[in-house]
Each structure stands twice: as C-alpha cells, then as structure tokens.
Colleague: 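Sharing a structure, written as structure tokens. Questions coming.
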Amino acid sequence: MTQVKKNNYNTFSNSLLSWYDINRRILPWRAPPGEISNPYFVYLSEIMLQQTLVKTVIPYFLKFVRKWPDINALAKAELHEINSYWAGLGYYSRAKNLHETAKIISNKFDGFLPTDKNSLMALPGIGEYTSSAIMAIAFDRKSNVVDGNVERVFSRFYAVEKPIKESKIFIKNIAEKHLPDNRHGDYAQALMDLGSLICIPKSPRCKMCPLLAICDVGGTTSAKQYPIKLPKKEKEERYGLFFYLQNKDGAVLFETNKSSGLLANMDVLPSIGWYEESNRFKKSPKFNKKKPNFLGMKWKILDQNLNHIFTHFKLNCSLAIATINDENALVNDLSKSSYRFVQKTNINELALPSLIKKILNALKNNEILDF
DNA sequence: AACTCGGGGGA
DNA sequence: TCCCCAGAGTT
C-alpha cells in the first residue's frame, strides 16, 4: 500500500463535508441541517442498522417511534411485544439488548443516554462502533466511527492490499487521522453516505466522487476489487420438519423459543431439531418423514418443501399438518413446554421470524388449510 | 481469534 | 445466484 498522504486530511474532510451538504440523505432519525439530534432516535436507529440496510430499517424505525416515542416508553414495554415489532429484522438478540438498555437508561440514568463512550459501551448491545456513532451523531463529539462502509472507502482511498480482517487496525488508525476538528456528527454521516451512495461495493461511482482527485484507485477499473475479498466458505444444508396443528376452533399450535440461540425468544411452529441429511434419523426419532412421532398425532406430510437461507446454513423445511378435536388429550404434552394454541386472528400479534411467516404463507397459498 | 447470530436489497 | 449490509456477544 502507498504511504499515507501528507497534508491531505483537510482536503479530504472539506471535500467530503461540502459534498454532504448537497447530497446528504434524508433519514427519519437524522436531524435537519443545523438542528440537534434526538439521541433516542440516533440510538434506536444505530441498533437497527447493525448489519442491516438503511432501506430495510426505515419502516421498522417508523413503527417503533410511533409505538414508543421515547426511551421511557420503550423501557415499560414487554419484551414479547418488542419482539413482535422487531420480527423480520433479524439478529433478535438486538431486540432483547435494546429493551435491557432502555430499562437501564430509564431507571438509572433518568431517561438520558450517557454522553461518554465508556458508559455507552457498558450498555447491552452497544459496542465499539455503536458507541462511537452515538458520540458523533447524537452529541457531536469527535469520534472515530468505523463501520463496513468506512472500511471500504479507506481501503480504496489507500489501495489497501490486505483483506479487512488483517487491515482493520491500519484502517482505523488512518480514519483517526482524517477526523476534522468540527462538524463531527456531519462528518461521520458524510463518510457513511459516501460509502452508501458513491463508494458502493460493486460498481463504485467514481466520476461523482468528491474524493476522486486524491483517491489511490479512484476512476480505475480496479477500484471495485477493494477491499480484498477472502474466499468464502461453502454453506451447509440442514433439514427440518415443522408441525402445523389446528384444534377444532381453528387455533394453531405455536411455541416460544428459549432465550438463547437462533431465533431466541421468537414464536415458531413446533419442529424437530434441524439436522444434516445423514444425521436426521439418528438424532431425532421424531424425524421419520413418513410417520413423524410428535404429540402422538397422525400427520399428513406435504409434498411441497421450502428453503430458507440463514447466514451459516440453508434450511430445507418439510411440513406436517394435522387437526385435533380434543386438545385435552395433549394436556400433558402441552403443559411441559411453551406450546400454546393461538387463534388465527391473533397470529399477527406473535413475534414470528421470517422463516415462520414464509411457512405460514406457503400453507395459506396451498389452500389446503382454512385460513 | 473464531464462531454465532437473520434477513433481504440489489446487481 | 452471490455479496454484503451504520456489528455485538460468546467461547
């Protein structure tokens, strides 16, 4: 990589801020030019934006602030209701940590976010990046805000020849040197807007970039190859069998996941564990695809399968359906778990991850079931 | 240091 | 189809 450019730090930040003044995105949590940020909006948005696109977050953010206009309101909510609003956004530990932190801020800090980085870092769900972002955006404090966008921008600006994993420290030190001495919040957001609008992952729009003249790779065909990519791991496949049981009133059996692991605290259809093809019969006696052993019911196995992609594996879902007339026969099974029948009109109040929504929707479209 | 934890936008 | 997104917590 090239030597750090000397005396270009002011050129960098001035060019970036001038560009931002004209091209800044209008976002529901972002204060208009010259106005003070709402720290609750900044905090809530930063949690939602962790590994999540702005476009995806906007409707969730609007739903949340309409339902819980301030942090004290959020602190008083039930976790399950927060999860039902969060459903579909993913990384559900964020919702739990959001609630925990809201309660701490409401009860111990009189409803005000701490204004120092270390106190913010001590709160559940707030780490290195998010604490820095809140310091800069909510409190306009000088703060090195480095996310995936910023890493991409600097990896191109300095033609960093190593993958992010190996160059993280270098890039963070570089970013630190570029920080201006004023407009800290605007600068942090300008860098991210640049990464989102101009210095985008696949086909960077170098011709429109305010930093084109001083960027190491700006305008070249090699710009898009930065940051250097690592070879990807192959995604494994797992198999699951989900049970859709209606009682005589048409209510559907759901359970609530335990508070750790995948889809923690979310409402799901009962299923066996999810196993690799070769292990599913050995590991779960329930998983006999022709005659699954679950709640002692006779199940109809649907021909239609359905795939769902998680970060680390692909889940192949089979579906089993049944109707029960006398659910009292299940009382012993149901009392030992979080199983419960839910009326169809109340299903929309559940905290359903996208996987389960997808399954319910497929069943509905199958028109086998009386929705 | 490596792994876990969702879901979807966009090309 | 594949990449990657305003990352944090756990092991």
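Computed over heavy atoms, backbone and side chain alike; hydrogens, waters and symmetry mates excluded. We name chains A, B, ... by the order of the sequence lines, and we start the count at 1 in each one.
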Colleague: What is the distance, to the nearest angstrom, from the CG atom on A:L355 to the P atom on B:dC5?
Modeller: 14 Å
Colleague: Does the B:dG6 base have a donor-acceptor partner in the side chain of A:Y91 within less than 3.5 Å?
Modeller: yes
Colleague: Please report the interatomic distance CD1(A:I228) to CD(A:E161), rounded to the nearest 0.5 Å.
Modeller: 5.0 Å
Colleague: For A:V54, report the nucleic acid contact type (base, sugar-phosphate, nothing); a contact means any heavy atom under 4.0 Å.
Modeller: base
Colleague: Can you check the distance between B:dG8 and C:dA8, where both ends of the measurement are the P atom (answer in whole Å)?
Modeller: 22 Å
Colleague: Determine whether the side chains of A:H308 and A:K358 contain a donor N or O and an acceptor N or O closer than 3.5 Å.
Modeller: yes
Colleague: Taking the six-membered ring of A:Y60 as reference, does the NZ or CZ atom of A:K63 fall below 6.0 Å from its centre and within a 45° cone about the axis?
Modeller: yes
Colleague: Among B:dG6, C:dG7, C:dC5, which nucleotide sits nearest the side chain of A:Q50?
Modeller: C:dG7
Colleague: From NZ of A:K202 over to P of B:dG9, roughly how many Å is that when rounded to an integer?
Modeller: 14 Å
Colleague: Looking for any heavy atom pair under 4.0 Å, which part of the strands does A:S93 touch: base, sugar-phosphate only, or nothing?
Modeller: nothing
Colleague: Is the closest side-chain donor-acceptor distance between A:D116 and A:N118 under 3.5 Å?
Modeller: no
Colleague: Is it the case that the side chains of A:R152 and A:N149 hold a donor-acceptor pair, with the cut-off being a distance below 3.5 Å and no angle test?
Modeller: yes
Colleague: In this structure, how many angstroms lie between the P atom of B:dG7 and the CZ atom of A:F313, rounded?
Modeller: 10 Å
Colleague: If you check the A:R30 side chain, which of B:dG6, C:dC5, C:dA6 turns out closest?
Modeller: C:dA6
Colleague: What is the distance from CD1 of A:I309 to P of B:dG6, rounded to the nearest Å?
Modeller: 15 Å
Colleague: Over how many whole Å does the gap from A:E166 atom CD to B:dA1 atom P extend?
Modeller: 12 Å
Colleague: Describe, in one word, how the ring planes of A:F157 and A:F154 are oriented to each other, choosing from parallel (under 30°), tilted (30 to 60°) and perpendicular (over 60°).
Modeller: perpendicular
Colleague: If the P atom of B:dA11 is compared with that of C:dA6, how far apart are they to the nearest Å?
Modeller: 14 Å
Colleague: Does B:dG6 have a Watson-Crick or wobble mate here (both distances under 3.5 Å), and if so which one?
Modeller: none
Colleague: In terms of side-chain heavy atoms of A:H312, which of B:dG8, C:dA8, B:dC5 is nearest?
Modeller: B:dC5
Colleague: Give A:Q189 one of three labels, base, sugar-phosphate or nothing, depending on what nucleic acid heavy atoms sit under 4.0 Å from its own.
Modeller: nothing
Colleague: Need to verify one output field. Residue with the more 5' nearest nucleotide on DNA chain B, A:T56 or A:L263?
Modeller: A:L263
Colleague: Taking the six-membered ring of A:Y226 as reference, does the cationic atom of A:R156 (NZ for Lys, CZ for Arg) lie under 6.0 Å from its centre and within 45° of its axis?
Modeller: no
Colleague: Quickly work out the A:K314 NZ to B:dC5 P distance and round it to whole Å.
Modeller: 20 Å
Colleague: Spell out yes or no: do the side chain of A:T52 and the base of B:dG6 have one donor N/O and one acceptor N/O closer than 3.5 Å?
Modeller: yes
Colleague: Pull out every residue in residues 78-90 of chain A that has a heavy atom closer than 4.0 Å to any atom of DNA chain B, ordered by number, or say none.
Modeller: A:G88, A:L89, A:G90
Colleague: Can you check the distance between B:dC5 and C:dC4, where both ends of the measurement are the C1' atom (answer in whole Å)?
Modeller: 15 Å
Colleague: Find which nucleotide of DNA chain B each of A:S203 and A:S260 is nearest to by heavy atoms, and output the residue with the more 5' nucleotide.
Modeller: A:S260
Colleague: Could you check whether A:T256 and A:R340, counting side-chain N and O atoms only, form a donor-acceptor pair closer than 3.5 Å?
Modeller: yes
Colleague: Between A:K229 and C:dC2, is there a contact of a side-chain N or O with OP1 or OP2 at under 4.0 Å?
Modeller: no
Colleague: Please give, in whole Å, the distance from C:dG7 C1' to A:I164 CD1?
Modeller: 14 Å
Colleague: What is the separation between atom NZ on A:K358 and atom P on B:dG7, rounded to the nearest whole Å?
Modeller: 8 Å
Colleague: Give A:R25 one of three labels, base, sugar-phosphate or nothing, depending on what nucleic acid heavy atoms sit under 4.0 Å from its own.
Modeller: base
Colleague: Hydrogens and angles aside, do A:E349 and A:S84 bring a side-chain donor and acceptor to less than 3.5 Å of each other?
Modeller: no
Colleague: Could you please name the option among B:dA2, B:dT4, B:dG8 that lies closest to any side-chain atom of A:K165?
Modeller: B:dA2
Colleague: Which nucleotide, C:dA8, C:dC5, C:dC3, lies nearest any side-chain atom of A:K232?
Modeller: C:dC3
Colleague: If you check the A:E46 side chain, which of C:dA6, B:dG7, B:dC3 turns out closest?
Modeller: C:dA6
Colleague: A:T130 side chain N/O closer than 4.0 Å to the phosphate oxygens (OP1, OP2) of C:dA8?
Modeller: yes
Colleague: Which listed nucleotide (C:dG7, B:dG6, B:dG7) is nearest to the side chain of A:R94?
Modeller: B:dG6
Colleague: Using a cut-off of 4.0 Å on non-hydrogen atoms, how would the nucleic acid contact of A:L315 be classed: base, sugar-phosphate, or nothing?
Modeller: nothing
Colleague: Students often mix this up, so state it plainly: with edges at 30° and 60°, are the rings of A:W274 and A:F310 parallel, tilted or perpendicular?
Modeller: parallel
Colleague: Output the single nucleotide from B:dG10, B:dG8, B:dG6 whose closest atom is nearest the side chain of A:Y92.
Modeller: B:dG6
Colleague: Can you figure out which of B:dG7, B:dG9, B:dG6 approaches the side chain of A:L262 most closely?
Modeller: B:dG6
Colleague: Of the nucleotides B:dG7, C:dC4, C:dA6, which one has an atom closest to the side chain of A:D147?
Modeller: C:dA6
